[in-house]
Number of protein chains: 2
Amino acid sequence: MPRFNVEPIRRRQLIEATLRVIEDHGFQGTTIGRISAASGLSVGIVSHYFGGKQGLLEATMRHLLTELRNDMRRFMADYPRTPEGRLQAIVDANFSGVQTQSKSARTWLIFWSQAAHSPDLARLQRVNERRLYSNLVHSLRPLLPAHAVSGTAHTIAAMIDGFWLRTALSEGRIGHTQAVELCKAYIDQAIHAGAEHEPTDTYPAQSGATR
Amino acid sequence: MPRFNVEPIRRRQLIEATLRVIEDHGFQGTTIGRISAASGLSVGIVSHYFGGKQGLLEATMRHLLTELRNDMRRFMADYPRTPEGRLQAIVDANFSGVQTQSKSARTWLIFWSQAAHSPDLARLQRVNERRLYSNLVHSLRPLLPAHAVSGTAHTIAAMIDGFWLRTALSEGRIGHTQAVELCKAYIDQAIHAGAEHEPTDTYPAQSGATR
DNA sequence: TTCAGTTGATTGAACGTTCATTCAATTATT
DNA sequence: AATAATTGAATGAACGTTCAATCAACTGAA
């Protein structure tokens, strides 16, 4: 009996190997054989810990989503607790860490394209989408007239995804520094354009932080 | 010898069958067997006309890009030959026809994720990216101060891609009508915000249409 | 300390399935 | 009859899964 539970260690090894293999060989080239070679473990271990290849792939997707959420929380905690600060944190988090590495980029695309066929993945994707949207709405509400909030939130979300996609695909032609700048520029513009019309409804700082 | 060259007919049949199969079964589930069943032709025909599965897949990607370009040209021709008209045409073209059908949506994602591994696909993707960008720059130049053109073009491009992605993924939760509206709203906003600073450099209507 | 015993972790050869490709045979067209 | 087009059974390679065998860590009795 090993001193400590090896399960989490093995699971992490296999997930990281999977990311590496997808990056190197694409989704079609991602085989159990290659994953086991990359992890230094045997082929049988995948079934043992993940029930099979599909299970490992889903766990890998889940891993990416978890890391994205962690990045988001970290940035949220570090930035000023103002609506503007939160918006900055959202943008920065989406272009930092896991999201930036080309290792993950390919995998995200595959994740998205697979989501339509796996109800499980579709659910994860939807949760993620909603979280970003409601974060944005929450931060925009104090800054914009009510009628402009939803559209602006959708637009920012689309812009983040779009820049992310273009950054991931255009190896180096568009840097994420530029992407972050342009996202923030839009946000400023939207806030100022919106503020001209009418500042906002009247419950801006609702006592403290809601949750 | 058949009366007319059957080659273009067969090629089209196979490409359309491929799109149908990818939509129904995902990329992993896209096999020669299924494609031949969907097209009503035999399995051997694929090698005969496309040299193999890979050739058929690349031809399918190329087909999507061609249709996108055709849509773009059609819209460009129909809209007023003003900078604003061209911008509207660009946005509308990107959310019409092939691009909208969920049949193609999955395939685009796959195309993008595959592009990193096939130099051929990467080239196509880059050409497409550049064409959108330079179309945007060309239309924005008469409307914005020089320093704002590039960033705005990148932002519009990202927004189009982002909304397209979200429309494709969120089956119905975000309609492309809404996406088009929000893209155009941003463009208006950008033009007005930019025009405050300084209209533009002074060669707006360069005689006629350049090409 | 040593060692046989126990148990959970890990291995990887064997197996069966799936799939792309091939090409001799067949069909259709002139 | 001659030629172009098409078929689909046969082939072999690749892959995921399985599971009996092996290994490693630890226990407690000697």
Side-chain angles (χ1 to χ4, degrees), chain A residues 1-61 107 110-111 113-114 117-118 120-121, chain B residues 1-61 107 110-111 113-114 117-118 120-121:
Chain A
M1 206 186 308
R3 231 189 299 272
F4 281 109
N5 200 358
V6 292
E7 183 168 333
I9 299 170
R10 293 285 173 270
R11 292 179 69 98
R12 169 162 285 268
Q13 282 178 313
L14 288 170
I15 286 173
E16 281 171 3
T18 304
L19 289 173
R20 240 175 296 141
V21 172
I22 291 181
E23 159 68 7
D24 291 345
H25 301 280
F27 194 57
Q28 298 186 95
T30 299
T31 64
I32 299 276
R34 276 206 250 256
I35 291 170
S36 61
S39 65
L41 298 166
S42 75
V43 297
I45 206 88
V46 172
S47 293
H48 187 252
Y49 282 117
F50 293 97
K53 189 187 182 186
Q54 188 61 26
L56 173 54
L57 291 175
E58 291 186 6
T60 304
M61 309 301 183
T107 314
I110 288 159
F111 168 49
S113 74
Q114 293 278 308
H117 262 302
S118 156
D120 203 18
L121 291 184
Chain B
M1 207 188 307
R3 232 190 301 271
F4 280 109
N5 200 357
V6 292
E7 183 168 334
I9 299 169
R10 294 284 173 270
R11 290 179 72 97
R12 170 162 285 269
Q13 285 178 309
L14 288 171
I15 286 172
E16 282 172 2
T18 304
L19 288 173
R20 238 174 298 140
V21 172
I22 291 180
E23 161 68 7
D24 291 345
H25 301 281
F27 194 58
Q28 299 186 93
T30 300
T31 64
I32 299 276
R34 278 205 249 254
I35 291 170
S36 61
S39 66
L41 299 166
S42 75
V43 297
I45 206 88
V46 171
S47 293
H48 186 253
Y49 282 117
F50 292 97
K53 189 188 182 185
Q54 189 62 27
L56 173 53
L57 291 175
E58 291 187 7
T60 304
M61 309 300 184
T107 314
I110 288 159
F111 168 50
S113 75
Q114 293 277 307
H117 263 301
S118 157
D120 203 18
L121 292 184

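Chain naming here is simple, since letters A, B, ... match the order of the sequence lines and numbering starts at 1 in each. Worth saying up front: this structure is predicted, and the values here are computed from it rather than measured.
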Roughly how many Å is it from [atom1] in [X] to [atom2] in [N], rounded to a whole number?
X       : N      : atom1 : atom2 : result
A/Gln13 : C/dA9  : CD    : P     : 14 Å
A/Leu14 : C/dA9  : CG    : P     : 14 Å
B/Ile32 : D/dT7  : CD1   : P     : 14 Å
B/His48 : C/dA24 : NE2   : P     : 15 Å
A/Arg10 : C/dA9  : CZ    : P     : 10 Å
A/Ile45 : C/dT11 : CD1   : C1'   : 8 Å
A/Phe27 : D/dG16 : CZ    : P     : 10 Å
A/Arg11 : C/dA9  : CZ    : P     : 13 Å

Residue pair [X] / [Y]: nearest heavy atoms and the distance that separates them:
X       : Y        : answer
A/Glu58 : A/Asp120 : OE1-OD2, 3.1 Å
A/Phe27 : A/Gln114 : CE2-NE2, 3.6 Å
B/Gly33 : B/Val43  : CA-CG1, 4.2 Å

Students often get this wrong, so: under 4.0 angstrom with heavy atoms, is B/Phe50 touching a base, only sugar-phosphate, or nothing? nothing

By the 4.0 Å heavy-atom rule, please label B/Thr31 as base, sugar-phosphate, or nothing. sugar-phosphate

Of the options [options], whose atoms approach the side-chain atoms of [X] most closely?
X       : options                : result
B/Val6  : C/dT22, D/dT6, C/dA20  : D/dT6
B/Ser47 : C/dT22, D/dT17, C/dT11 : C/dT22
B/Ser42 : C/dT21, D/dT6, C/dG12  : D/dT6
A/Lys53 : D/dT6, C/dG12, D/dT17  : D/dT17

Residue from A/Leu41, A/Thr18, A/Ile32 passing side chain to side chain contact (heavy atoms under 4.5 Å, CB included) with A/Val46: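 That would be A/Ile32.
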
Do the side chains of A/Arg20 and A/Glu16 get close enough for a salt bridge, i.e. N-O under 4.0 angstrom?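 Judged by the 4.0 Å cut-off on N to carboxylate O distance, A/Arg20 and A/Glu16 do not form a salt bridge.
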
Which residue lies more 5' along DNA chain D, comparing A/Val43 with A/Gln28 via nearest heavy atoms: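 Comparing both residues, the 5'-ward one is A/Gln28.
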
OP1 or OP2 of C/dT10 less than 4.0 angstrom from a side-chain nitrogen or oxygen of A/Tyr49, does that happen here?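 Checking C/dT10 against A/Tyr49, a side-chain N or O does come within under 4.0 Å of OP1 or OP2.
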
